2 protein chains.
Amino acid sequence: MSFSITEENYIKAIFHLQQAEGNVSTNELAAELHTKAASVTDMLKKLKAKKLLSYEKYKGVRLSNEGKKLALAIVRKHRLWEYFLVDKLQFGWDEVHEVAEELEHISSKKLVEKLDAFLGYPKFDPHGDPIPDSHGKMAVQVQVNLIDLPVNRLAEVSGVGSQSTELLELLKHKHIGIGTRLEIKRKFSFDHSIEIKIRNQNPFTISQQLAQALFVKPV
Amino acid sequence: MSFSITEENYIKAIFHLQQAEGNVSTNELAAELHTKAASVTDMLKKLKAKKLLSYEKYKGVRLSNEGKKLALAIVRKHRLWEYFLVDKLQFGWDEVHEVAEELEHISSKKLVEKLDAFLGYPKFDPHGDPIPDSHGKMAVQVQVNLIDLPVNRLAEVSGVGSQSTELLELLKHKHIGIGTRLEIKRKFSFDHSIEIKIRNQNPFTISQQLAQALFVKPV
DNA sequence: AATTATTTTTAGGTAAATCTAAAAATAATT
DNA sequence: AATTATTTTTAGATTTACCTAAAAATAATT
Ligand SMILES: [Mn+2]
Ligand SMILES: [Mn+2]
Ligand SMILES: [Mn+2]
Ligand SMILES: [Mn+2]
C-alpha cells in the first residue's frame with residue numbers, strides 16, 4: 001500500500017506525540033499539524049480504514065504495529081537526510097529541518113539504504129536524535145537533560161532540544177557543540193542557572209533555558 | 001510564487017516537447033503526462049493565468065520566459081540528483097530516472113546550490129544530457145548520433161537515447177559505456193548495422209537500433 | 001446533580017486535479 | 001464545397017484534503 005504525503009505527516013505526528021502511555025487527542029494533533037480538529041477527525045477515519053491506527057470516537061488514537069513501522073521508516077529518512085545535509089553539504093543544523101520535511105517523503109526504498117551506506121550508517125542525527133536502522137531499531141538514548149546532570153560529573157553534549165537558529169547562535173558564541181565535554185560546577189536555585197566548565201577554560205554560567213535545551217551523555 | 005508538483009510536471013513536459021519552432025498540442029501533452037486532453041486544457045488555463053506560458057484555444061501552447069526559467073530549474077535539479085545517485089550512491093543509470101522524478105520537486109534553492117558544489121559542478125548527467133547551471137545555461141551538445149558518425153572518425157560515447165535496463169544490459173555485455181572511444185569501420189546498408197572498433201579489440205557489428213541509441217562526440 | 005466549559009464529531013461546502021461524455025472547432029478527404 | 005475524421009474544449013462528476021458552523025459527547029465546576 002502507498003500513502004500520501006499528508007497521511008505520512010499525520011502518522012509521524014502521532015508517533016511523536018504518543019508517549020509510552022496514553023492516546024493522542026484530536027486537538028493535540030490539530031495543533032501539531034497546524035490544522036483544524038474537524039480535518040483531523042476526517043483523516044483519522046481514513047487512517048483507521050487503512051489499519052495504521054486504532055481509533056474510537058472521543059477516545060483518541062494510537063498507532064498500530066503497521067503504523068509504527070511506517071512512522072519509523074519516515075523518521076529514519078528524515079534523520080538520514082538531516083545527517084547528509086549537515087555532514088556532506090555543510091548545512092548548519094538549524095537549517096535542515098524544513099528541507100528534511102520534504103525529503104522524508106521520497107519513496108524509493110533503495111535510495112534510503114544506499115544513502116545510509118554512503119553516510120556510514122550513522123546512529124544519531126545532527127540534533128542528537130537516534131536514527132532508526134532498516135529494521136526500525138534505534139540506539140537507546142542514554143542522554144539526560146543538562147539541568148539534571150549531577151555536579152562534577154563529566155559529560156559530553158549529545159543533543160539539543162530545539163533546532164532554532166537562535167539556539168545555534170548562542171551555542172556558537174559559547175563554543176558549545178555536539179561532542180563538547182563539560183561538567184557542572186554549581187547550580188543556583190534562585191534562577192536555576194548553572195555554572196559549567198569546559199576542559200581548561202574558566203567556568204561560566206548559563207541560563208536555565210539554555211541548560212534545558214541541551215542533552216548530555218555522561219562519559 | 002510557488003508551484004505544485006503537478007504544475008511543475010506540466011511545465012517540464014512542455015519544455016521537453018517544444019522544439020525551436022512550433023507549439024505543443026493538447027494531445028501531445030496528454031500522452032506525455034499519461035492524462036486526458038480535458039485535464040490538460042484545464043491546467044493550461046491555470047498556467048496561463050500564472051503567466052508561465054502563452055496559450056490560445058485550439059492553437060497549442062508555448063512557454064513564456066518565466067516558464068522556461070522554471071523548466072530549466074526543474075531540469076537542473078533532476079539531472080543533478082541523477083548525477084548524485086550514480087556518482088555517489090552507486091546506482092546504475094537505468095535506475096535513477098524515477099527517483100529523480102520525485103527529487104526534482106524538492107524546493108530548497110540552497111540545497112540545489114550546495115548539492116551542485118558537492119558534486120563538483122558537473123556539466124552532464126549520467127545519460128549524457130547537459131545540466132543547466134544556476135543561471136539556466138547549459139553546455140552545448142556537440143554530440144551526434146552514432147549512426148551519423150563518418151567511417152574512421154574516432155569518437156567518444158557521450159550519451160544514450162534511452163534509459164532502459166535492456167539497453168544498459170546490452171552495453172555492459174559489449175563493454176561500452178559513457179567515455180568509451182570507438183570508430184566506425186563499415187556501414188552495411190542491408191540492415192543499417194555498423195561495424196565498430198574499440199581500441200585494441202577486434203571490430204564487431206552492432207545493430208541499427210543500438211547505434212541509434214548511442215550519441216558520440218568526435219575527439 | 002445540575003450547570004457550564006471544553007473537546008470532538010457531524011454536516012455541509014470549497015479548491016485542486018482528475019475523469020467521462022458531449023459539443024464545438026479545426027483538419028483532412030472526397 | 002461538402003462531408004468525414006480528428007482534435008480540442010466545455011459540462012458535469014468524483015476524490016482528496018481542507019474549512020466553518022452547529023450539534024453531540026465528555027470533562028470540569030458550582
Ligand atoms: Mn528535523
Ligand atoms: Mn533532527
Ligand atoms: Mn531522468
Ligand atoms: Mn538524465
Side-chain angles (χ1 to χ4, degrees), chain A residues 1-15 17-19 21-63 67 70-71 74 101-102 104-105 107, chain B residues 1-15 17-19 21-63 67 70-71 74 101-102 104-105 107:
Chain A
M1 201 181 306
S2 102
F3 307 98
S4 71
I5 290 177
T6 307
E7 289 170 330
E8 291 193 349
N9 283 333
Y10 270 85
I11 292 298
K12 192 174 63 135
I14 297 166
F15 179 81
L17 290 174
Q18 90 179 18
Q19 303 307 321
E21 18 60 49
N23 286 15
V24 178
S25 76
T26 302
N27 264 358
E28 280 179 276
L29 262 174
E32 175 80 12
L33 293 165
H34 307 104
T35 184
K36 298 300 159 70
S39 305
V40 172
T41 302
D42 284 349
M43 183 59 84
L44 292 183
K45 288 176 187 167
K46 204 178 140 198
L47 294 177
K48 181 185 181 177
K50 289 193 171 193
K51 300 193 185 305
L52 292 173
L53 45 80
S54 58
Y55 163 66
E56 280 178 275
K57 284 189 184 189
Y58 298 101
K59 297 288 175 62
V61 75
R62 273 193 90 60
L63 292 183
L70 176 57
I74 302 164
E101 282 297 316
E102 291 184 52
E104 72 190 1
H105 302 291
S107 60
Chain B
M1 201 181 309
S2 102
F3 306 99
S4 72
I5 290 177
T6 307
E7 289 171 331
E8 291 193 348
N9 282 334
Y10 270 85
I11 292 298
K12 192 174 63 133
I14 297 166
F15 179 82
L17 290 174
Q18 89 179 20
Q19 304 306 322
E21 17 58 50
N23 285 16
V24 178
S25 77
T26 302
N27 265 358
E28 280 180 276
L29 263 174
E32 176 79 12
L33 293 165
H34 307 104
T35 185
K36 298 301 160 71
S39 307
V40 172
T41 301
D42 285 349
M43 182 58 84
L44 292 183
K45 288 176 187 166
K46 205 178 138 197
L47 295 176
K48 181 186 182 177
K50 289 194 170 192
K51 300 196 185 303
L52 291 172
L53 46 79
S54 58
Y55 163 66
E56 280 177 277
K57 283 190 185 191
Y58 296 102
K59 297 289 175 61
V61 75
R62 274 193 90 61
L63 292 183
L70 176 57
I74 302 163
E101 282 297 315
E102 290 185 53
E104 71 189 1
H105 302 291
S107 60

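What you see is a predicted model, and the numbers here were worked out from it, not measured in a lab. Here is the naming used below: chain letters follow the sequence lines, and residue numbers restart at 1 for every chain.
Side-chain nitrogen and oxygen atoms of B:T26 include at least one within less than 4.0 Å of the OP1 or OP2 phosphate oxygen of D:dT9. When the side-chain nitrogen and oxygen atoms of B:K36 are compared with OP1 and OP2 of C:dT20, one or more of them lie within a distance under 4.0 Å. For the OP1/OP2 pair of D:dT6 and a distance below 4.0 Å, the side-chain nitrogens and oxygens of B:N27 include no atom meeting the criterion. Within the structure, a side-chain polar atom (N or O) of B:Y55 is placed less than 4.0 Å from OP1 or OP2 of D:dT9. Contact annotation: B:T35 side-chain N/O to C:dC19 OP1/OP2 distance is under 4.0 Å.
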side-chain contact (heavy atoms from CB on, under 4.5 Å) for B:N23 and B:I14? Distances and angles first, verdict last. CA-CA 9 Å; B:N23 285 16; B:I14 297 166; over 6 Å; no
Test side-chain contact (heavy atoms from CB on, under 4.5 Å) applied to B:E7 and B:L47, step by step: CA-CA 7 Å; B:E7 289 171 331; B:L47 295 176; 3.9 Å; yes
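Between the P atom of C:dA16 and the CZ atom of B:F3 lies a distance of 14 Å, rounded to the nearest Å. One can place NZ of A:K45 at 10 Å from C1' of C:dA11, the figure rounded to the nearest angstrom.
Using a 4.0 Å heavy-atom cutoff across all strands shown, B:S39 reaches at least one base atom of the nucleic acid.
B:E101 and B:K12 are joined by a salt bridge, as a carboxylate oxygen and a charged side-chain nitrogen come within less than 4.0 angstrom of each other. By the 4.0 Å N-to-carboxylate-O rule, A:K48 lies too far from A:E56 to be salt-bridged with it.
The A:S25 side chain lies nearest to C:dT8 when the options are D:dC18, C:dA11, C:dT8. If you check C:dT18, D:dC18, D:dT20 against the side chain of A:D42, the one that comes closest is D:dC18.
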Using Watson-Crick and G-U wobble pairs whose two distances are both under 3.5 Å, how do you write the pairing of DNA chain D as dot-bracket, with | for links to another strand? ||||||||||||||||||||||||||||||
Output a table of nitrogen or oxygen pairs between the protein and nucleotides 23-29 of chain D separated by less than 3.5 Å.
| unit_1 | atom_1 | unit_2 | atom_2 | d |
| --- | --- | --- | --- | --- |
| D:dA25 | O4' | A:Y58 | OH | 3.3 |

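Scored by the salt bridge (Lys or Arg N to Asp or Glu O under 4.0 Å) test, A:K36 finds no partners at all (sequence neighbours excluded).
Place A:A37 and B:A38 on DNA chain D by their nearest nucleotides, and B:A38 ends up nearer the 5' end.
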